[in-house]
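Everything on this sheet refers to the single structure shown next.
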Amino acid sequence: MRILLVEFWHSHIYAEPFSQRLRELGNEVFEFKEHVYFDGPVRVEGAATDTGPATMLAKAQEKYRWGPRLWQLNRDLLDRVRSQRPDVVFLIRGAHVLPETLREIKRLGSYVIGWHNDDPLGPHHKWYVWRHFVRAIPLYDRLFAYRHANIDAFRRRGCGRVGLLRSFYLRDLNFPIDDVSASPYQCDVTFIGHWEDDGRSVFVDALLDEPGLDLGLWGTLWERAANSERIQARFGLVEPVRREAYNVALNSAKICLVFLSKLNNDTYTRRCFEIPAAGRFMLAPYTDDLASMFEENVEAVYFRSRDEMVAKVRYYLQNESERTRIAAAGRARLLRDGHEAIDRVRFVLSCLRSDGIP
């Protein structure tokens with residue numbers, strides 16, 4: 001197929017692996033990178049403004065999804081469709097693509113599909129963030145939801161073909177490392193991820209209270225946490241680890257924690273694949289969704305409260321053989337079921353074939 005892939009393209013974990021795996025499976029892929037319209041100086045009447053104000057203006061247009069940069073993005077996207085004539089236009093999130101642009105893309109003969117990794121209909125997002133996507137839902141030929149709850153929601157909004165497309169791990173970035181003796185990330189328990197006002201600070205506090213526990217914490221926004229002073233006293237500035245460093249950090253912990261975003265009503269998250277892919281022991285909040293993918297106390301371990309989390313941390317730090325067995329079983333289940341990016345791409349292609357796209 002000829003596929004035009006449209007995404008913001010600042011992160012390496014969404015469009016980039018889709019593009020690579022689509023090509024690997026023999027498809028012709030064109031890339032449309034939205035971020036270039038909001039980076040650098042903004043031109044006003046043919047002249048570039050000063051860098052500072054220009055950057056602020058560009059970022060404001062990106063944030064509020066409005067303004068000349070966004071309109072230019074939409075015009076250029078239509079020009080790309082006219083010139084490249086893709087069979088499929090695949091939008092990831094679609095935050096900056098106007099409904100009228102989708103109408104014209106379809107009129108030009110391309111099949112329009114989309115995938116959204118957030119919960120665009122959730123009550124916690126600002127009204128302007130996903131408004132273009134929400135208005136355009138009925139115009140998509142097929143939508144892929146990141147979580148079960150969005151499937152019915154997208155259907156109610158008028159999309160006739162909706163399916164579940166989970167996140168994934170990346171085989172070149174998420175894998176076991178035999179020797180981490182030189183790793184600066186070695187610890188008993190680690191959480192790698194952002195802070196969110198959903199109670200996860202209370203769980204971190206409970207682990208900080210554990211005598212002798214070597215806790216690792218990496219990610220973003222932890223300076224906003226209620227316990228930020230305590231966190232800063234323990235860790236200094238909490239910073240993210242990405243790409244190869246992220247995999248080293250996972251491999252360097254005996255127990256890898258998962259928290260689920262309440263902002264997006266998550267019942268699983270990308271880490272639920274990345275941790276087993278690295279061959280590590282996963283300790284996560286219990287959800288029926290997660291337990292359907294990794295059997296409780298066999299392939300992963302779950303907690304239902306702060307006290308249960310702490311008790312299970314204590315137990316599995318003292319029982320290495322059980323911890324090792326569960327981690328190995330979790331990785332085996334992951335590989336058996338297929339949760340790599342290429343598995344998701346194969347699923348997308350099978351849906352397109354079932355829709356009659358050659």
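In this text, all values refer to a predicted model and were calculated from it rather than measured experimentally. Below, each value reflects all heavy atoms present in this structure, side chains not excepted, and no hydrogens, waters or symmetry copies.
Hydrophobic cluster membership is shared by L165 and I357, with clusters built from Ile, Leu, Val, Met, Phe, Trp and Tyr side chains linked at under 4.5 angstrom. Hydrophobic clustering (ILVMFWY, side-chain heavy atoms < 4.5 Å, transitive): W127 and V129 are in one cluster.
F168 carries R270 over the face of its six-membered ring, with the cationic atom under 6.0 Å from the centre and within 45° of the normal. Cation-pi contact between R166 and Y268: present, with separation from the ring centre below 6.0 Å and deviation from the ring axis of at most 45°. The cationic atom of R69 (NZ for Lys, CZ for Arg) does not lie both less than 6.0 Å from the six-membered ring centre of F38 and within 45° of the ring axis. A cation-pi contact links R93 to Y14, judged by a cut-off of 6.0 Å to the six-membered ring centre and 45° from its axis.
Side-chain N or O atoms of E196 include one that pairs as donor or acceptor with a backbone N or O of K262 at under 3.5 Å. A donor-acceptor pair under 3.5 Å is absent between the side-chain atoms of E210 and the main chain of V310, judged by distance alone. Within the 3.5 Å criterion, the main-chain N or O of P86 finds no donor-acceptor partner in the side chain of Q84. Checked by atom type and distance alone, the side chain of N27 pairs as donor or acceptor with a backbone atom of M1 at under 3.5 Å. No donor-acceptor pair under 3.5 Å is formed between the side chain of R171 and the backbone N or O of A341. Distance alone, capped at 3.5 Å, places no donor-acceptor pair between the K106 side chain and the V112 backbone. Of the possible donor and acceptor atoms, one in the side chain of N74 sits under 3.5 Å from a partner among the backbone N and O of L98. A donor-acceptor contact shorter than 3.5 Å is absent between the side chain of N247 and the backbone of A278. No side-chain donor-acceptor contact under 3.5 Å links W222 to the backbone of N227. Between the R85 side chain and the G109 main chain, no donor and acceptor come within less than 3.5 Å of each other.
Between the CZ atom in R142 and the SG atom in C159 there is a gap of 8.5 Å [rounded to 0.5 Å]. Between the CG atom in L334 and the CD atom in E299 there is a gap of 10.0 Å [rounded to 0.5 Å].
Under a cut-off of 6.0 angstrom, the local environment of CG in D178 is sparse, with at most 12 non-hydrogen atoms contributed by other residues, nucleotides or ligands. Around CZ of R157, the count of heavy atoms belonging to other residues, nucleotides or ligands within 6.0 Å does not exceed 12. A 6.0 Å sphere centred on CZ of R155 holds more than 12 heavy atoms belonging to other residues, nucleotides or ligands.
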Exercise for review: Kindly determine whether F18 and W115 satisfy ring pair (Phe, Tyr, Trp, His ring centres under 6.0 Å), including the steps that lead there.
Suggested key: CA-CA 11 Å; F18 269 100; W115 183 51; 5.4 Å; yes
Point to revise | Test log, rule side-chain contact (heavy atoms from CB on, under 4.5 Å), inputs I113 and R161 | key: CA-CA 10 Å; I113 66 174; R161 292 188 176 101; over 6 Å; no
Practice item. Might you work through the salt bridge (Lys or Arg N to Asp or Glu O under 4.0 Å) test for E274 and R271, ending with a clear yes or no? Key: CA-CA 5 Å; E274 294 167 335; R271 290 174 198 84; 5.5 Å; no
**Study point:** side chain to side chain donor-acceptor pair (under 3.5 Å) between N264 and Y146, intermediate numbers included
**Key:** CA-CA 10 Å; N264 283 316; Y146 190 88; over 6 Å; no
**Study point:** Worked verdict on W9 versus E16 for side chain to side chain donor-acceptor pair (under 3.5 Å)
**Key:** CA-CA 7 Å; W9 229 288; E16 190 62 32; 2.8 Å; yes
Review point. Checking salt bridge (Lys or Arg N to Asp or Glu O under 4.0 Å) for the pair R336/E295: CA distance, chi angles, key distance, verdict?
Key: CA-CA 13 Å; R336 185 167 66 250; E295 185 177 350; over 6 Å; no
Exercise for review: Report the C-alpha separation of S19 and R23 in whole Å, then their side-chain angles, then the decisive distance to 0.1 Å, and conclude whether the side chain to side chain donor-acceptor pair (under 3.5 Å) test is met.
Suggested key: CA-CA 6 Å; S19 181; R23 288 190 174 98; 2.6 Å; yes
Check your understanding: Can R200 and D205 be said to form a salt bridge (Lys or Arg N to Asp or Glu O under 4.0 Å), step by step?
Key -> CA-CA 9 Å; R200 63 185 62 187; D205 263 336; over 6 Å; no
Review point. Can you check side chain to side chain donor-acceptor pair (under 3.5 Å) on T287 and D289, steps first, answer last?
Key: CA-CA 5 Å; T287 66; D289 195 15; 5.5 Å; no
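Exactly one of V29, L170, D343 qualifies for a side-chain contact (heavy atoms from CB on, under 4.5 Å) with R21. That residue is L170.
Two rings, from F203 and F303, have their centers less than 6.0 Å apart. If you look at Y128 and W66, their ring centroids are not closer than 6.0 Å. Aromatic ring centres of W218 and Y185 lie closer together than 6.0 Å. Checked against a 6.0 Å centroid threshold, the rings of F154 and F144 do not count as neighbours.
Counting heavy atoms from C-beta on, the side chains of H132 and T101 never come closer than 4.5 Å. Under the 4.5 Å side-chain criterion, counting only non-hydrogen atoms from C-beta, V189 is not in contact with L283. Side chains of S167 and N117 form no contact here, defined as non-hydrogen atoms less than 4.5 Å apart.
Minimum interatomic distance between G158 and I137 (heavy atoms only, all atoms of both residues): N-CG2, 4.5 Å. Scanning both residues, H148 and L164, for their nearest heavy atoms gives CE1-CD2, 3.4 Å. Residues A225 and I231 come closest through the heavy atom pair CB-CD1, 4.4 Å. For the residue pair K312 and R304, the shortest heavy atom distance occurs at NZ-NH1, 4.4 Å. Closest non-hydrogen pair, E100 versus R135, comes out as OE1-NH2, 4.1 Å. The nearest pair of heavy atoms linking C272 to M282 is CA-SD, 3.5 Å.
Using the six-membered ring where Trp is involved, Y286 and Y302 have ring planes that are perpendicular, over 60° apart on the 30 and 60° scheme. Taking the six-membered ring where tryptophan is involved, the planes of Y316 and F281 are tilted, since the angle between them lies from 30° to 60°. Between Y140 and F133, the ring planes lie tilted relative to each other; the angle falls in the 30° to 60° range.
Residues Q61 and Y37 bring no donor and acceptor atom of their side chains to less than 3.5 Å of each other.
Looking at residues two or more places apart in sequence or on another chain, you find a side-chain contact (heavy atoms from CB on, under 4.5 Å) between P176 and N251, R331. Residues passing the side-chain hydrogen bond (donor to acceptor under 3.5 Å, both in side chains) test with N150, sequence neighbours excluded: D119, R147.
Among pairs with a residue in residues 232-257, those fulfilling salt bridge (charged side-chain N to carboxylate O under 4.0 Å, His left out) read D188-K254, at least two apart in sequence or across chains.
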